Q: 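One structure, as structure tokens, below. Some questions next.
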Amino acid sequence: MRVPLAPPRPHLPLRPLWLCRVCAAPWPCAAARLDLVTEYAHDRVALSIYLCAVLHEAAADLYRLNPQDGPDPAALFARFLAWVPRHRMADD
């Protein structure tokens, strides 16, 4: 008898570190990015707004953890927003 596999765990952030709870990569990790692009496939504006909000939360959390150096704004932008597709896919 086969034991059913557990459903895959969602790649969500572990706050206040902002690491992925599944793979420990900086969140949003590659899997989370794919999930987000799929979830927001028909509303890129909403995806960008959501990511701006979590970028703001991450910056505050990361600054509280390390106020001397603080998070690098350019690195946070690259991590949270720069990867978002700007255009819909051709078949949308």
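Since this is a predicted model, take the numbers as computed values, not measurements. What's counted below: heavy atoms across the whole structure, side chains too, no hydrogens, waters or symmetry copies.
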Q: Which atom names give the shortest non-hydrogen contact between Pro71 and Leu76, and what distance separates them?
A: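 For Pro71 and Leu76, the tightest heavy-atom pair comes out as CB-CD1, 3.5 Å.
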Q: Would a single hydrophobic cluster contain both Val54 and Leu47, if residues Ile, Leu, Val, Met, Phe, Trp and Tyr are joined by side-chain heavy-atom contacts under 4.5 Å?
A: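 Looking at the clustering, Val54 is in the same group as Leu47.
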Q: Between Val37 and Trp27, is there shared hydrophobic-cluster membership here, with clusters defined by ILVMFWY side-chain heavy atoms closer than 4.5 Å?
A: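 Linked within one cluster.
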Q: Roughly how far apart are Leu34 CG and Cys29 SG, rounded to 0.5 Å?
A: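 Answer rounded to 0.5 Å: 9.0 Å.
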Q: Identify which one of Asp61, Asn66, Leu62 satisfies the side chain to side chain contact (heavy atoms under 4.5 Å, CB included) criterion when paired with Arg64.
A: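 For Arg64, the side chain to side chain contact (heavy atoms under 4.5 Å, CB included) test succeeds with only one of Asp61, Asn66, Leu62, which is Asp61.
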Q: Trp83, Trp18: one ILVMFWY side-chain cluster at the under-4.5 Å cut-off?
A: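 Yes, same cluster.
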Q: Check the pair Tyr40 / Val84 against side-chain contact (heavy atoms from CB on, under 4.5 Å), numbers first and verdict last.
A: CA-CA 10 Å; Tyr40 288 91; Val84 175; over 6 Å; no
Q: At what distance, to the nearest 0.5 angstrom, does CG of Leu51 lie from CZ of Phe80?
A: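 Reported to 0.5 Å precision, the distance equals 8.0 Å.
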Q: Check whether any side-chain heavy atom of His11 sits under 4.5 Å from a side-chain heavy atom of Arg33, and report yes or no.
A: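 Answer no - side chains too far apart.
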Q: Can you tell me how far apart CG (Leu81) and SG (Cys52) are? Round to the nearest 0.5 Å.
A: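 Here the rounded value is 4.5 Å.
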Q: Please check if Phe77 and Ile49 belong to a single hydrophobic cluster, counting links between Ile, Leu, Val, Met, Phe, Trp and Tyr side chain heavy atoms closer than 4.5 Å.
A: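 Different clusters: Phe77 never reaches Ile49 through Ile, Leu, Val, Met, Phe, Trp or Tyr contacts under 4.5 Å.
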Q: What distance separates Leu14 CG from Arg21 CZ, expressed to the nearest 0.5 Å?
A: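 The CG atom of Leu14 sits 5.0 Å away from the CZ atom of Arg21.
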